A.B. asks: 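Encoded as structure tokens, here's the structure I'll be asking about.
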Amino acid sequence: MSGMKAFIVKARRWVRLDRAIRLVWQAGPKWVVASGAVTVLQGFLPLAALYLMKLIVDAVSEAVGTADPAMAFKRLLFLVILAGCVALIQASLQAVSGIIQEGLSLTVGDRMYDMLHAKSVEVDLDYYENPRYFDTLHRAQREGAFRPAQIVNTLIGLGQSSVSLIAVSGLLLSFHWAVSLLLIAAAAPGIFVRIKFSRIMFDWQTAKTPDERKAMYFNWILTGNVHAKEMRLFGIGEEISRRFSEVRRLLRSEKLAISRKRAMAEFLVRVFGSLIVFAMLGAVVYRAVLGAITLGDMVMFYQAFQRCLGSLKSLLGALADLHENNLFISYLYEFLDLKPRVEEPLAPLPLPREAVRGLRIEHVWFRYPGTAHMVLKDISFHVRPGEVVALVGKNGSGKTTLAKLICRLYDPAGGRIALENIPLHQLSKASLRCAISAVFQDFAKYELTVEDNIRFGNVDLPATDMESVENAAMASGADRFIAKLPREYRTVLGKLFQGGVELSIGQWQMIAIARALLRDARLIVLDEPASSLDPNAEFRIFSRFKNMLEKKSALLISHRLSTVRMADRILVLKDGRIIEQGAHEELMGRSGYYADLFRYQAKIDREQAKCA
């Protein structure tokens, strides 16, 4: 049974190799065909070069002491020209092969990035909250861009070595049958060493991925712009640099230890191989002294042995490379084989064009994957078309988690969320995402143009439709400061690229709101969308926003209770449950949990106003 399991594991490894070959063929079939043709030619040319060298040496031997050396030289000159032509063809094919392999590598590398990016977008949000995912992504990015092309280049080299080996080995067997044993004895030990240390390095890199990522993180802190202010203010640059050096020192020392052991093993193997090569030289010289072979034969057989040994080493080395690449490409397919937990329905239902029933949440429970704590407990409420519902509660009460579920970034552990009475899991992701727009607390800041930042809210918007972009900016209040930028909507934001203009966090937030408003969505989720704006600016934005809703629904999460007063209904969350709901005046009249929160917030606002 264990033998069968081992066979299955090996078969799966070669299936990965098969996937890599198919991938390279799909990325650049013309490059692969051209490379194969050049490989066949390169395989046969060494035999022609060897034979021409034999003829030249024999001709020289015969010409020595002849009565007509000029005539003998003419014959030799022809052979030399032929040998030169063969060498020229070999050099040309080598140059062409280099260009082909470079083109193939670049094509496959770009294809790999496309696949990595597509999978990164496809996987669920849960993966981005799991350290093991980032280990997998790091290994895939490190190996995936070049391993598939390397596999095909290795296979091409394998073919070339095989052709050369077959062509030249026939010549050597005419010298003596034992030559094949010498060749194997000289080449095989080196391959065993390579295979052994490939596995050692593979296991080491797998174990050390978290440390490599930590070093990259420290480097990002030191060189990026996100932590630049705090790093200088608190003087932590030296401390972060020290930690980076410690991790790199550990990685360097362990990798060098492996390299030293590998270098020593390879040195011993080379010494052994050299002894066999010179033993072969002695045998050839001995046969020539006895007169069993000509001087040209001696040169040809010795060079043929060297060529054949080189081809055999290349062939076995290619097999070792395939083994190594097959190990490391498993990192790529480990990433590409990740399956979304939020799955597409097999038969998605269409979403009605008109918003009639709105959003309904029924007895929803939720815990984050890998945890036992229920973040949401038996949540039920209804958001009607054109209605603004606010969620309030202290940090950790489950507000943002509920927003993620409504956007179907996660699926609930229990209960049902439906849009127009269709459960979210029965809608295609594309149709659901078109129906919902959102601004989250940790909104994105794209260091591109203002127009790009807003257009990303609706990538299907025609490039000529600038009016919709401007209207969204106007609704968010961003139009005021955009008009003052050097190139207005064509201004690059941020300092990452030349000519960029940095915005305040409040201005970035207005851009994010404009991006959300650009999408013609029937439901808009606003999770602390204006936390960096002053209360007056926030009030103005939401006053305009509410007038724009018409039949659209909105779910508003805000810590400013003065803002949520504008909502039609307020849901109060505590420890993952809805404990109160109603309009502002109704909740204040109950003098319950919401009223206490509102009075506490009003007190803080008054104190902040005094300080200002």
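These numbers come from a predicted model, not from an experiment.
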A.B. asks: Would you compute the distance between atom CG of L93 and atom CG of L88 and round it to the nearest 0.5 angstrom?
C.D. replies: 9.5 Å
A.B. asks: Return yes when atom CE of M466 has more than 12 non-hydrogen atoms of other residues, nucleotides or ligands closer than 6.0 Å, and no otherwise.
C.D. replies: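 Result for CE/M466: enclosed.
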A.B. asks: Mark yes or no for whether T107, through its side chain, and G103, through its backbone, hold a donor-acceptor pair below 3.5 Å.
C.D. replies: yes
A.B. asks: Answer yes or no: is there a side-chain heavy-atom contact under 4.5 Å between V450 and I511?
C.D. replies: yes
A.B. asks: Can you tell me how far CE of M216 sits from CZ of F244, rounded to the nearest 0.5 angstrom?
C.D. replies: 10.0 Å
A.B. asks: Who passes ring-ring contact (aromatic ring centres under 6.0 Å, His included) against Y446, sequence neighbours left out?
C.D. replies: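 Residues passing ring-ring contact (aromatic ring centres under 6.0 Å, His included) with Y446: F456.
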A.B. asks: Applying salt bridge (charged side-chain N to carboxylate O under 4.0 Å, His left out), can you list everything that pairs with R213, at least two apart in sequence or on another chain?
C.D. replies: D135
A.B. asks: Please tell me if the side chains of K445 and L493 come closer than 4.5 Å, counting only heavy atoms from C-beta onward.
C.D. replies: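 No, their side chains stay 4.5 Å or more apart.
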A.B. asks: Give me the atom names and distance for the closest heavy-atom approach of A207 to P210.
C.D. replies: O-CD, 3.6 Å
A.B. asks: Mind checking what makes side chain to side chain donor-acceptor pair (under 3.5 Å) contact with E447, not counting sequence neighbours?
C.D. replies: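 Partners of E447 by the side chain to side chain donor-acceptor pair (under 3.5 Å) criterion come out as none, since no residue qualifies.
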A.B. asks: Looking at side-chain heavy atoms only, is the closest gap between V492 and D452 below 4.5 Å?
C.D. replies: no
A.B. asks: Could you state the interatomic distance from CZ (R490) to OG1 (T449), rounded to the nearest 0.5 Å?
C.D. replies: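 Spacing of CZ (R490) from OG1 (T449) equals 7.0 Å.
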A.B. asks: Atom CZ of R455 and atom CZ of R515: how far apart are they, to the nearest 0.5 Å?
C.D. replies: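 R455 CZ to R515 CZ: 14.0 Å, rounded to 0.5 Å.
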A.B. asks: Quick check: are there more than 12 heavy atoms from other residues, nucleotides or ligands sitting under 6.0 Å from NZ of K208?
C.D. replies: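 Yes, enclosed.
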A.B. asks: So, using side chain to side chain donor-acceptor pair (under 3.5 Å) as the criterion, who are the partners of D465 when residues are at least two apart?
C.D. replies: S468
A.B. asks: Kindly give the heavy-atom pair with the smallest separation between S428 and P348, and that separation in Å.
C.D. replies: N-CB, 3.7 Å
A.B. asks: Where the side chain of E344 meets the backbone of K429, is there a donor-acceptor pair that is under 3.5 Å apart?
C.D. replies: yes
A.B. asks: Looking at CZ of R199 and CG of D203, how far apart are the two atoms once the value is rounded to the nearest 0.5 Å?
C.D. replies: 5.0 Å
A.B. asks: Tell me whether K495 contacts the main-chain N or O of V501 through its side chain, where contact means a donor paired with an acceptor under 3.5 Å.
C.D. replies: no
A.B. asks: State the CD-CD distance between E254 and Q205, to the nearest 0.5 angstrom.
C.D. replies: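 Going from the CD atom of E254 to the CD atom of Q205 covers 12.0 Å.
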A.B. asks: State which residues pass side chain to side chain donor-acceptor pair (under 3.5 Å) with T206; sequence neighbours excluded, sorted by chain then number.
C.D. replies: Y331
A.B. asks: With the side chain counted from C-beta on, respond yes when K261 and F197 share a heavy-atom pair under 4.5 Å apart, and no when they do not.
C.D. replies: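 The answer is yes; the side chains approach within 4.5 Å.
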A.B. asks: Please report, to 0.1 Å, the donor-acceptor pairs under 3.5 Å made by any side chain of residues 245-252, with sequence neighbours excluded.
C.D. replies:
| unit_1 | atom_1 | unit_2 | atom_2 | d |
| --- | --- | --- | --- | --- |
| S245 | OG | S241 | O | 3.0 |
| E246 | OE2 | R242 | NH1 | 2.4 |

